[in-house]
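A quick write-up on the structure given underneath.
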Amino acid sequence: MRIELNATLNRYDARIRGVIQQVRIRRPLCLYSFLFICLVGIILIIFPEKEFPSALFDKKSIIVKGYVDRIEHKNGKMVLYIRDVFCDEEPYKSALGEHEGEEGFVCYLSEVESPSEYRGQDDIKQSHNQNNNLRIGSGIELEGKCRAFSTPRNVGQFDYANYQKTRGFYMAMYNCRILGMSDSVDLIKDSLHCVRTELAEAISQNFGNDDAGILKTMLLGDKNDLTDEDKELFQQGGISHILAISGLHISLIGMGLYAILSWIVRPIEKWFFHRKRRLPMKLYICRVLICIVFMYLYGVMTGMSSSAFRAIFMFALMLRAKRIGRTYDMLTALSLAGACIVLENPYYVFDCGFLLSFGAVMGITLLQPVLACFYGGLKPLKSDGRGEAGDGGRKCFHRIRKKTSIVLRNTFIKIAELMLTSAAVMLFTLPIILDNYYEIHPWSLILNILVVPSVGILVVCGITVMLTAIASSFLSGIPVLNVLTVILNTISDICSWIGTLLMEGYRYLSGWTANLPFSSIVAGKPTTLQIIIYYALMSILVGAFIIWKYYIAEDKRERYLCKGRIVAAAWIMCMLAVLCTKLDSRLKVTMLDCGQGDALCIEYAGKTYMVDGGSSSEKQLGKYTILPYLKASGISRVDGWFVSHPDEDHMNALLEVLGDYSSCGIRIQAIFLPNSASIEEDAQEIISAANENGIAIHFLSERDRISWGGFMNLGDAVNIRCLNPLKNDPSKDTNDYSEVLLLEYGDFGMLFMGDASDKTERRMLERLAEDEKERQEIRESDSAGSITSEIEEVNLSGVDVLKVGHHGSNSSSSKVFLEAVSPRLALISSGIGNRYGHPHEETIKRLSGVGANILNTQDTGAITLWTDGNHLEISRYIR
């Protein structure tokens, strides 16, 4: 017995040693590179880099020097990307010295450039025609007003400052004037910039403005002419990845060049082969080097994004492996590329483009074999009709039928493989997508099958148009070659027509899928713990597949294949459930930081209500603040949107959402307006927009109430009571008939004051006192308690949180009202440096006088409250 046990243990020990040995031999570079990337990410989390002192530079006019790294044109203005920025003035000189070698500024030149007296060093001279003489690599001296890049102040907002920081830029300068520049130039980068400009001009001349913007983005990395409509349309269709210069483009261009060089070298190879001589090794090396150098220069010309560098690096390793006769390992190449990128700039570890690019390749490498094993299995047949389809018979009809069935079967198999690949990429990158975009587009699985194969045709057409346009302009000055010029123009016109047709097809398909059911699923922003558990479960799935594939006999795999499919599908469903489930069952109230305006969100028991949505200081508040917050919170339906009164700073974001209602991804069930005699005239714009989109309109007045939750939702009921205005309120001032809402949940109470003035507060207190007096009279006259008052009791003294009226204006929050309410916490929504001086100093004194803790969005960003009806938890977005 002991001998058998020892033999069994030795056998398993030998298997384990064999597995370890295989791991050691096959992919050591992959393992070390992956661990290096993880280590860099952990170090940056624990020991973050010292923040750049943006507040020191913000809104200051200074003079800086540096070197031109990139030149772009946006909205008719020239934009310079300056590296190695230096300033002679203190304290800016010391601040830049602490970040020496890292700092970069984005400088927007003023429209009118006037020469001024030179103030720089001897190696810089003034130019009277500076804009035309600007070269990549030139030393330059600029004067302008600094402005810090925007940072998020609400959940879901895009972190533009971090985006620019990852690329090495820390500040923006506006209305810049060039004081002087040097004759130095980076010959390679400047030449590539000139080539890029010529190619972009060739595209603009042969395509319409919108189509040219797409092609410039795809082929040259120039996004300046890409319209917001096309960008959003491609995002809705889930095909925006074709706009990025990544593996798809690099492989098409690089392998195309390699094929052309191979075709050129083939006659030389045959000549040496027939003479039984060995082909000189230099020809092989030159072919590979030409491809690698060309693709590297192409990457530099297009801006060398992380996805482009990754694709070029992997392409070079693939050619190198083919050259030395080694097996190309995609995971090792991917890990090495990632390590090189992170070594050059560690902050790419947190960059969305970097993570999506690498995640897509890892999904193809790791997950696609798993899905293909369990849900693939069909093998393509040969075109001669042998195999399962038989030999096709003797008659022509039977041969055609058999061959047709083989073609259809192989086409179906190819489509299935593409769907599995697309599903693998989506599953692996899903946490990254949700962490940055908060929604997924299921129909993109099918749309990518139609689009991706044709992208190669579009790329070839675009390259052909660029090359023929340049060649045609070069040959047009030679009369003898006029015929050749006509031929080139004809080829260019044909390629332009094909490219335009393809891009119109992409737009049509994206718009069509956007109108299908479940075209967009808002899943929300997952927590870090959810992402870790998701990838841990995925690792277990991949590990189980490796054991299934290599350590279980083939006959057992065939026997248990059906069960394996069920288990794999159930496991993937568990992964998705972990990633998308929201477990907090408490009432949540969020006051968004929307500058000089108001926007609040109430969430409980699967229902969502908004209170106001507008700003007089923030542009496109709906697109950049409210919609991102709702989607990040996993909200795709707003059950009711309260508009306290029809002022711009309380409703213009809602109007923006209604104007783009079909594609915004959020459904609104009802809009609640104050019941005023003049409301239909004052809020005519919002009423018309709601009617056009089929949204119900309700008018609220005193004593109206909305309730939800309760027993069926496994929680206490939530009430929203309207305390103002009166029914058909005759007030002419919109602030006087502003909605005042009381939110009640258990022992918790919160009062939303809108822009109610002290006059409204006094009138509301008087009405509540009259109601209390009437209830008291009923109780005294009915000793048996058989009569019930229709007027519900409202206890303002039980209010815990006060959303201060009119952004903290001195005309609201009177002393009498605050003493009647006595809130523990007062929330103020006002813009930084607003021209009204909100919140007013007197209002702050009155709030402090009643013992209220004061939180202002100017200091805290968005403010979130959680409560279970008894305890209150407060979170500030900016701590």
Side-chain angles (χ1 to χ4, degrees), residues 37 40 69-74 79 81 83 102 104 106 136 149 158-170 186 188-189 192-193 195-197 199-200 203 213-226 230-231 234-235 239-254 292-317 333-362 425 429 432-433 436-437 455 459 462-463:
I37 295 172
V40 170
D69 183 67
R70 196 162 81 247
I71 301 174
E72 290 184 356
H73 293 83
K74 294 182 179 179
V79 183
Y81 292 81
R83 297 280 190 184
E102 301 174 356
V106 181
I136 304 296
F149 294 119
F158 178 64
D159 193 345
Y160 189 62
N162 187 65
Y163 171 82
Q164 290 289 3
K165 176 184 176 181
T166 302
R167 285 144 186 83
F169 298 98
Y170 292 84
D186 187 327
I188 295 177
K189 285 189 175 181
L192 291 174
H193 172 72
V195 172
R196 185 191 188 197
T197 303
L199 295 176
I203 291 177
I214 293 175
L215 270 181
K216 288 179 186 179
T217 305
M218 289 180 62
L219 299 177
L220 303 176
D222 183 1
K223 302 178 182 178
N224 296 323
D225 294 331
L226 180 65
D230 283 339
K231 183 179 178 180
F234 281 27
Q235 286 177 346
I239 59 172
S240 58
H241 60 89
I242 68 173
L243 298 174
I245 297 176
S246 58
L248 181 63
H249 307 72
I250 298 301
S251 60
L252 286 169
I253 298 173
I292 293 175
V293 171
F294 180 84
M295 296 312 300
Y296 176 76
L297 293 176
Y298 174 74
V300 173
M301 183 184 71
T302 58
M304 194 60 84
S305 63
S306 58
S307 59
F309 180 85
R310 187 265 309 163
I312 293 170
F313 189 90
M314 295 178 68
F315 172 76
L317 286 184
L334 179 70
S335 302
L336 282 174
C340 291
I341 293 174
V342 171
L343 191 62
E344 192 272 335
N345 187 347
Y347 283 94
Y348 266 115
V349 172
F350 308 113
D351 183 65
C352 176
F354 173 86
L355 295 175
L356 284 175
S357 177
F358 281 79
V361 179
M362 291 190 73
V425 171
T429 58
I432 306 170
I433 293 172
N436 291 275
Y437 303 106
V455 170
V459 170
I463 293 174

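No hydrogens, no waters, no symmetry mates; every other heavy atom, side chains included, goes into these values.
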Contact list for residues 334-346, test side chain to side chain donor-acceptor pair (under 3.5 Å), sequence neighbours left out: none

Plane angle bin for Tyr160 and Tyr163 - parallel if under 30°, tilted between 30 and 60°, otherwise perpendicular: parallel

Backbone of Asn162 reached by a side-chain donor or acceptor of Thr166 within 3.5 Å: yes

Short side-chain to backbone donor-acceptor contact, Thr429 and Leu356, under 3.5 Å: no

Parallel, tilted or perpendicular, as decided by the 30° and 60° cut-offs, for the rings of Phe354 and Tyr348: tilted

Side-chain donor or acceptor of His249 paired with backbone N/O of Ala244 under 3.5 Å: yes

Donor-acceptor contact below 3.5 Å, side chain Arg70 vs main chain Ile136: no

Donor-acceptor contact below 3.5 Å, side chain Tyr298 vs main chain Leu219: yes

Within 45° cone and under 6.0 Å: Lys165 NZ/CZ vs Phe149 ring: no

Considering all heavy atoms, the nearest Val425-Ala360 contact: CG2-O, 3.6 Å

Name of the residue among Asp225, Asn224, Leu199 meeting side-chain contact (heavy atoms from CB on, under 4.5 Å) with Lys216: Asp225

Heavy-atom side-chain proximity of Tyr81 to Arg167 below 4.5 angstrom: no

